[in-house]
Amino acid sequence: MCGTVVLIGAVSLLLGGTSGQIAYVSGTEQEDHCVCILDLANGAVRRIGIGKCDGAPSWSPDGEWLAFTTGSAEGLAVAVVRADGSGLRIVSQRHGWNLWPRWSPDGKRLAYAAAEWDAFETRIIVCDLETGVESEWGEGKTGLMRPVWLNGVKLLYSLKQREEALYGASAMNDVFRELEQLNAVVAVGTVGAPGAFSTDLFIVTARATIPLVPRDLNTGSYFEWIVELSDRGSMIAVESNDGGDREIFVYSKRGMADVTNHREADWNPVWSPDGQWLAFESFRSGRRGVYRVYPETTRVFPVAVAADHDNWAPTWSPDGQWIAFVSDRTGDPEIYFTDASGNECHRVTDHCGGDYAPAWRPEVDE
Amino acid sequence: MRRSALCILCGLMAASAAARQPDGTLGAVITPNNGVPAVQCAGGLFEVVIADHSNLSIHIASADGTRHAVEIAGRSESAHGRTRLECRIPPDVTPGTYAVEARDDARTVDRTARAVHVLDAFPEQYIVAHISDTHIGKEQTDRPPADVFRDVLASINESEPAFVLVTGDLTEGGAIEQFQRFLDVLDTCQRPTFVCPGNHDRLAQHYEHFFGPLTYTFRFGQDGYLAFDTKDYCPADELGRQDADLEIARRAIKRARWSIGFTHRYEPGMGMRSQITLFVDNPLDYLLFGHWHRANTEDEKTVPWGFTRISVVPAAFNGHLQLIDVAPAGIRPRPPEKVD
């Protein structure tokens, strides 16, 4: 796949006028990594980050702002900046280490994991961007990581009904009251004790942390990691080593299904904007490649796969027609994009060093 | 007679041909080298990575200048510009330590000492020597770290381990001159020496020019060893450059009797993807590292996820080393020793 590569020169011509912007991290060493924005219409690159260990950027739902982690005297801070480079500010103040910022559906808050140093003491912090106030969510539960906001309650209702049918009660009753007022995040959380840690998924609200998965499935025996909610909140994709190797599972009202079943590792699921497809990374062809799967049928299609280099970090264009990703086919990691079938591949960065973590800007209402 | 003398002279000239580049950095042959050597039995295969796509012949040469051409059983060129050669050690060479030479026609274009070690057979039970934090170039120490390092290696030579792992902070500041001094002492070791970088080595950008890959594996008989770099974890986890190398390296030694990782440091805050790969999905049996400048305590016997046991060796610049017994029954680190 992705056999024909065209180095971008005049991207808009190659794409028949398709435009858009991709945020990414660029730098030679970690210490000089900086968030940049590439304009696909003319190839122009604008450095808008702080340029000091900047991490993967995340767009606000309206495409106006970017959140990213950046190096600070204490560790890592969360920063936000407008797409035009204005309004840059650090929003995390309470803790030294701040990781994985994610925007609320209304774009008014950021959730992230924070700790002073100990990796197993991370808590979920929600920052109100209008007031700058940081609140700790989860009622003191530590070991919470990678929060993602719930986009709706349909799936939770299904899980709640299932729990009530099985056990006559559900721990989720409290969650629904808070959902109407404050929303909630789903986070990966450690379970067990040091020396035998595992992880599970939790719903975290301002006042509670409860397991997401119905009790009979929540064994604590497996290690869940990246979790992503579909745009409408009706499905959750999560990677887990349930089954013996790392796979991507999808929770829906019909239950849980392994949608990438393969003996080699599958990880980093990313929903398409319409919630119909998942892009992910897999080692099923030897090196790491980008694939997509249609969860309804679990049919997998290669997108960017090669025998002698890696392709990773997929991100969908707002119309779901294109997938951008990182490839090190020339030695340095650079940003490429391709149509979803992998037939038409374009290189869009050419930087001596590395370009990583592409995030395609959502469509902006002008 | 004159012809014999000429042959000997030619052999000596070849043996003394520039090892590495004049500044000590690697030349045409990236691996194997004296920090990432090949250890194999006569007739066995080993991999040679050439810096470009040139068509070189590969030889191994003993200390007395005797040169053996190796059969190239396979060749592949990477998109990154390098060439991988699958080479077979001649079945009739005697066990011992060899330099690897790359030759273009009759001219030696690169030579790296102590790069290939030929064994009679891989033992089922053997000793690994583990040292870390040599900090060559560090000032304000009781003795120059290079002198202490030399004494530590002399002690290791007497212990006759199968090989030596040197887990990072080889140098104090990563300077070329410090790596040169490190190599000078390293080559006094009579056993294969495998190195990985530490945070001090990354203060400049020279480590890879001296030793090549940051992530690599090797097999020693039934056992698999995996070296990896542990520089700044958090950004690395987000950007994912090392993730695939670790996954593939872990897979390469998945079926080993024992799988043993070695790196400079381990902290629970390192990239979670790396930890999932090495300690959760396919957990290593053991992880060996340094950085702490002290041994691990009873409370620090495993990584937090369980499964993988850890062993930490105190700093070599203070004279410390550790021997580890590897046997069918298990892996047993002995208490660290101190060389006075």
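All chains are named by letter (A, B, ...) in the order of the sequence lines, taking the proteins before the strands, and each is independently numbered beginning at 1.
Interface remark: Ala193(A) contributes backbone atoms only to the contact with chain B (heavy atom separation under 4.5 Å). Of the atoms belonging to Glu239(A), it is side-chain heavy atoms, and not backbone ones, that fall under 4.5 Å from chain B. With a threshold of 4.5 angstrom between heavy atoms, Glu264(A) approaches chain B through side-chain atoms but not through N, CA, C or O. Proximity to chain A (any heavy atom under 4.5 Å) is restricted, for Thr302(B), to the side chain, taken from C-beta onward. Residue contact with chain A, scored on non-hydrogen atoms closer than 4.5 Å, is absent for Thr308(B). Val280(B) touches chain A through backbone and side chain together, each having a heavy atom under 4.5 Å away.
Panel note: side chain Trp312(A), backbone Arg241(B); no donor-acceptor pair is recorded below 3.5 Å. Judged purely by atom type and a 3.5 angstrom limit, Arg251(B) uses its side chain to pair as donor or acceptor with the backbone of Gly286(A).
Per-residue counts of heavy-atom pairs under 4.5 Å with chain B were compared for Ala313(A), Ala307(A), Gly331(A); the largest is that of Gly331(A). Interface remark: of the candidates Val326(A), Asn268(A), Ile226(A), Thr330(A), Asn268(A) forms the most heavy-atom pairs closer than 4.5 Å to chain B. Listed options Gly354(A), Pro333(A), Pro194(A) were ranked by heavy-atom pairs under 4.5 angstrom with chain B; first place goes to Pro333(A).
Crowding of Arg263(A) atom CZ: a count of heavy atoms from other residues, nucleotides or ligands under 6.0 Å not exceeding 12. No more than 12 heavy atoms of other residues, nucleotides or ligands lie within 6.0 Å of CZ in Arg332(B), so this atom counts as exposed by the packing criterion. Heavy atoms from other residues, nucleotides or ligands lying under 6.0 Å from NE2 of His262(A) number more than 12.
Between Glu281(A) and Asp243(B) the shortest side-chain heavy-atom distance does not fall below 4.5 Å. Looking only at side-chain heavy atoms (C-beta outward), Trp267(A) and Asp281(B) stay at 4.5 Å or farther from each other. Contact of the Met272(B) side chain with the Arg146(A) side chain is not registered, since no non-hydrogen atoms from C-beta on lie closer than 4.5 Å.
Considering every non-hydrogen atom in both Arg287(A) and Ala244(B), the closest pair reads NH2-CB, 4.4 Å. Leu239(B) approaches Ala56(A) most closely through the heavy-atom pair CD2-N, 4.4 Å. The two residues Ala265(A) and Glu247(B) have their closest heavy-atom pair at CB-OE2, 3.5 Å.
Between Trp305(B) and Phe223(A), the ring-plane angle classifies as perpendicular under the 30° and 60° cut-offs.
A distance of 8.0 Å separates CZ of Arg288(A) from CD1 of Ile248(B), quoted to the nearest 0.5 Å.
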